[in-house]
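Quick note: residue numbers are just sequence positions, from 1. Both counts, for ligands and for their atoms, begin at 1 and track the order of listing.
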Amino acid sequence: MNKDSFEHDVVIIGAGVCGIYMLYRAREIGLRVTLVEKGDGPGGTWYWNRYPGARFDSESYSYGYSFSKDLLAEWNWTERFASQPETLRYLNHVVDRFDLRQGMQFGRCVKAARFDEATKCWHILLEDGDELRTRFLITAIGMLSAPTLPRIDGLDTFGGESFHTYHWPREGVDLDGKSVAVIGTGATAVQLIPEVAKIARHLTVFQRRPNWCAPLHNGTLDVDEMAQIKEQYEEIFARCARTPSGFLHGPDRRDFDSLSVQEKEEFWENLYQSPGFGKWLGNFVKVLVDPSANAEYSEFIAAKIRERVHDQKVALKLIPIDHGFGSRRVPLETDYYEAFNRDNVELIDLNETPIERILKTGIQTSEREFEFDLIVYATGFDAITGSFDRIDIKGKGSRTLREKWIDGPQTYLGLQTRGFPNLFTLAGPQSASVGTNFPRGIEDAVDWTIRMLKYMRVHGYHHVEASLNAEEAWTAHVKESYEAFWFHEVKSWFNGYNSNLDGHDRVRHLVYFGGAPEYRTRINEIASRDYEGFEFV
Ligand code: NAP
């Protein structure tokens, strides 16, 4: 790489879990690198999402970075599933521990990025008008970092406080004595609702479609437990590397049909009582791929909901009827169903009584007018491509990435897209990292990218671009990875749906569903075949 022509070899956008690690690795190999971040500190998802109840549903010790034995040895998680404040502390600790803060520029929002074909350089325009120039542009902009508000009339007319969960005020919100509305019942709302219910005078939950939720079973970790975990880190990460989703929980491959009803129920009961994602990802393979096996398990979970919710009319509303367990992302919960047994909590089914408009004082449904002090929109995200669309990214021939991906993303390995040389889309669409325990997935993607940058340096290459054939083949392969699952048309953000955005009312192939081990093998084989499918100059 020519050291003279640009200010930077690499500019990274985003100081979340992925950007922090990319910065660490890029500095390690001696690149001139800077990282720009919109927030005023590192943390990404864990910096922004400060709503009460926000926490991992990965076991904490399977979520931390695996790259440094010293870091693993010195950090003590205090909960099995760490809360947002603890995770934010962890990420700040990593940044300071490896002296990364000085490589980060905070409060700097990227507005546009343009590839200059004459100089083969990326020009990055910041919202403050400043411009950076770099050979490589690396996006680490998150998969769920473009929040979407509902399309409801009168949104701006509400006189009380209102915000999306992603923008939960940093200074906190005093919920005591307040009448609160939460719109949405996805994983975020499922964490938030029990916490608000404990404090608010009254909570009204507006639900369009229920999700299949299952208990998290969080608990504290003491120093002795952490000492044991530290002994086992190698095995923990090796196990995560073997499972399709990068979690500790991998599918049970026993023959479903050869088991008795009692054997299945005992197994499911055990999963239900155990911490974490076992109820979903540790289930029988057939439950995950076959509608009738899935229906059996869904009924098992429905019975749990009926047991936990006292009013059976409410229980019925909380049981999904339009999709099976695990065909959308499963929210893990702590006392979610019990929250609906409280006198101060009411569930409004929007299928029966849709919201007509937001009023100055509250919400008008087709049936009645509600008064609120606070409205919380837990209405999800423009997932995975949304954070790209918010930056005006122009590649060769001034073509925008937004235009290129308008009918769905096209990528090679989810890491590059043709026409945008030297742009690496870490945690981008069609990579495996977006469908896995995130840190495990991004470590693969970052390590692979660093290996490529080293390869280019050794061979004196200046830029790299995915070939058309390779991109078409990968995009088709990602599509096939969806078709292996019966739930690929279920309306969820995994499948690219978002009712609050135009053009998001059909399947968009955003995630590589072939599994993390297959993905890792594939990208490493391509690397060892001199980066087959990439064109270097
Ligand atoms: P989400 O799963 O997309 O849920 C959004 C909710 O808002 C859904 O219930 C949706 O209803 C509802 N909604 C959207 N627009 C609406 C409208 N116009 N009117 C009424 N309801 C509307 O978003 P999320 O809950 O923020 O979760 C997104 C993802 O973030 C999760 O799947 C997970 O991957 C991640 N997350 C992770 C954690 C964790 O690690 N523990 C915690 C929270 C979130 P419909 O279902 O009918 O569309």
Side-chain angles (χ1 to χ4, degrees), residues 17 44-46 48-60 62-63 79-84 87 142-153 155 164-168 181-193 195 204-214 216 218 245 247 276-277 280 318 320-323 326-334 336 347-351 353-358 363 365 375-384 386 427 433-439 441 490-501 504-505 510-511:
V17 173
T45 282
W46 303 105
W48 294 102
N49 284 285
R50 293 168 190 253
Y51 61 86
R55 64 175 63 252
F56 292 153
D57 41 26
S58 313
E59 282 75 2
S60 309
S62 78
Y63 193 95
E79 288 184 276
R80 185 174 285 276
F81 302 93
S83 66
Q84 175 270 333
T87 310
M143 46 188 263
L144 295 162
S145 48
T148 45
L149 288 169
R151 296 199 265 203
I152 303 176
D153 287 344
L155 217 63
H164 190 282
T165 43
Y166 189 76
H167 295 300
W168 192 277
V182 171
I183 302 182
T185 49
T188 300
V190 164
Q191 292 187 327
L192 172 73
I193 285 165
E195 298 301 318
T204 310
V205 176
F206 292 89
Q207 172 185 271
R208 191 164 60 184
R209 282 185 302 158
N211 280 297
W212 292 102
C213 312
L216 174 68
N218 191 21
S245 53
F247 284 92
F277 263 142
W280 183 24
L318 290 166
I321 47 168
D322 66 339
H323 67 283
S327 61
R328 302 173 94 198
R329 205 283 201 174
V330 174
L332 293 182
E333 45 83 27
T334 302
Y336 176 63
L347 178 68
I348 301 299
D349 184 344
L350 295 178
N351 301 301
T353 55
I355 294 177
E356 290 186 338
R357 59 181 299 111
I358 307 288
I363 292 178
T365 68
I375 300 178
V376 182
Y377 299 104
T379 44
F381 297 87
D382 183 357
I384 305 177
S433 26
V434 286
T436 55
N437 186 11
F438 195 65
V490 169
K491 288 188 178 163
S492 84
W493 69 261
F494 257 53
N495 294 341
Y497 285 90
N498 184 322
S499 68
N500 301 308
L501 296 167
H504 289 231
D505 52 356
L510 301 182
V511 181

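Scanning the protein heavy atoms around atom 41 (N) of ligand 1, the nearest turns out to be Arg55 O, 2.7 Å. Closest to atom 23 (O) of ligand 1 among all protein heavy atoms lies Gly380 CA, 3.2 Å. Nearest protein heavy-atom neighbour of atom 2 (O) of ligand 1: Gly186 CA, 3.7 Å. What sits closest to atom 32 (O) of ligand 1 on the protein, heavy atoms only, is Trp493 NE1, 2.7 Å. Of the protein's non-hydrogen atoms, Asp57 OD1, 3.1 Å is the one closest to atom 40 (O) of ligand 1.
Close contacts between ligand 1 and Tyr51 involve ligand atoms 42 (C), 43 (C) [criterion: under 4.0 Å to a heavy atom]. Near Ile183, meaning under 4.0 Å from one of its heavy atoms, ligand 1 places the atoms 20 (C), 21 (N). Each of the following atoms of ligand 1 lies closer than 4.0 Å to a heavy atom of Thr185: 6 (C), 8 (C), 9 (O). Atoms of ligand 1 found under 4.0 Å from any heavy atom of Phe381, numbered from 1 in the order shown, are 26 (O). Of all the atoms in ligand 1, the ones that sit under 4.0 Å from a non-hydrogen atom of Phe56 are 41 (N). For ligand 1, the atoms lying closer than 4.0 Å to a non-hydrogen atom of Leu350 are 20 (C). Below 4.0 Å from some heavy atom of Leu144 lie the following atoms of ligand 1, by number and element: 29 (C), 30 (O), 34 (O), 35 (C). Applying the 4.0 Å criterion to heavy atoms of Thr188 picks out, from ligand 1, the atoms 24 (P), 25 (O), 26 (O), 27 (O), 43 (C), 44 (C).
With Pro320, Gly184, Ala378, Ala383 as candidates, the residue nearest to atom 5 (C) of ligand 1 on a non-hydrogen basis is Ala378. For the residues Met143, His164, Gln191, the heavy atom positioned nearest atom 42 (C) of ligand 1 is part of Gln191. The heavy atom nearest to atom 19 (N) of ligand 1, considering only His323, Arg329, Arg208, is found in Arg208.
Where the criterion is an N or O separation shorter than 3.5 Å, residue side chain and backbone included, Arg151 fails it with respect to ligand 1. Below 3.5 Å of separation, one finds no N or O of Asn211 facing any N or O of ligand 1. Taking any N or O of Arg328, backbone or side chain, at least one lies under 3.5 Å from an N or O belonging to ligand 1. For a threshold of 3.5 Å applied to N or O pairs, the pair formed by Ala187 and ligand 1 contains at least one separation below that value.
The main-chain N or O of Lys491 is found under 3.5 Å from a side-chain atom of Arg328 such that the two form a donor-acceptor pair. The main-chain N or O of Ser62 is found under 3.5 Å from a side-chain atom of Asn437 such that the two form a donor-acceptor pair. Under a 3.5 Å cut-off, the side chain of Thr148 and the backbone N or O of Gly380 do form a donor-acceptor pair.
Within the model, atoms CZ of Arg80 and CG of Leu216 stand 9.5 Å from one another, a figure rounded to the nearest 0.5 Å. One distance of note links CD1 of Ile363 with CD1 of Ile152; it measures 6.5 Å at 0.5 Å rounding. Expressed to the nearest 0.5 Å, how far CD1 of Ile193 lies from OH of Tyr51 amounts to 11.0 Å. Atoms CG and CG, from Leu347 and Leu350 in turn, are 9.0 Å apart once rounded to the nearest 0.5 Å. Taking CD1 of Ile375 as the reference point, atom NE2 of His164 lies at 14.0 Å (rounded to 0.5 Å). Atom OG of Ser58 and atom CZ of Phe247 lie 4.0 Å apart (nearest 0.5 Å).
In this model, no donor atom of one side chain and acceptor atom of the other lie less than 3.5 Å apart for Thr334 and Arg55.
Ring geometry for Tyr166 against Phe381 counts as perpendicular: the plane angle is over 60°, on a 0 to 90° scale with 30° as the lower cut.
Contact annotation: for Tyr497 versus ligand 1, there are no heavy atoms closer than 4.0 Å. Contacts of Asn500 with ligand 1, taken as heavy-atom pairs under 4.0 Å, involve the side chain alone.
A 6.0 Å sphere centred on CG of Leu155 holds more than 12 heavy atoms belonging to other residues, nucleotides or ligands.
Put simply, no part of Gln207 is less than 4.0 Å from ligand 1, judged by heavy atoms.
A 4.5 Å side-chain heavy-atom check between Tyr377 and Pro150 finds at least one atom pair inside the cut-off.
Residue Phe56 forms a ring pair (Phe, Tyr, Trp, His ring centres under 6.0 Å) with just one option from Phe438, Trp46, Phe81, and that option is Trp46.
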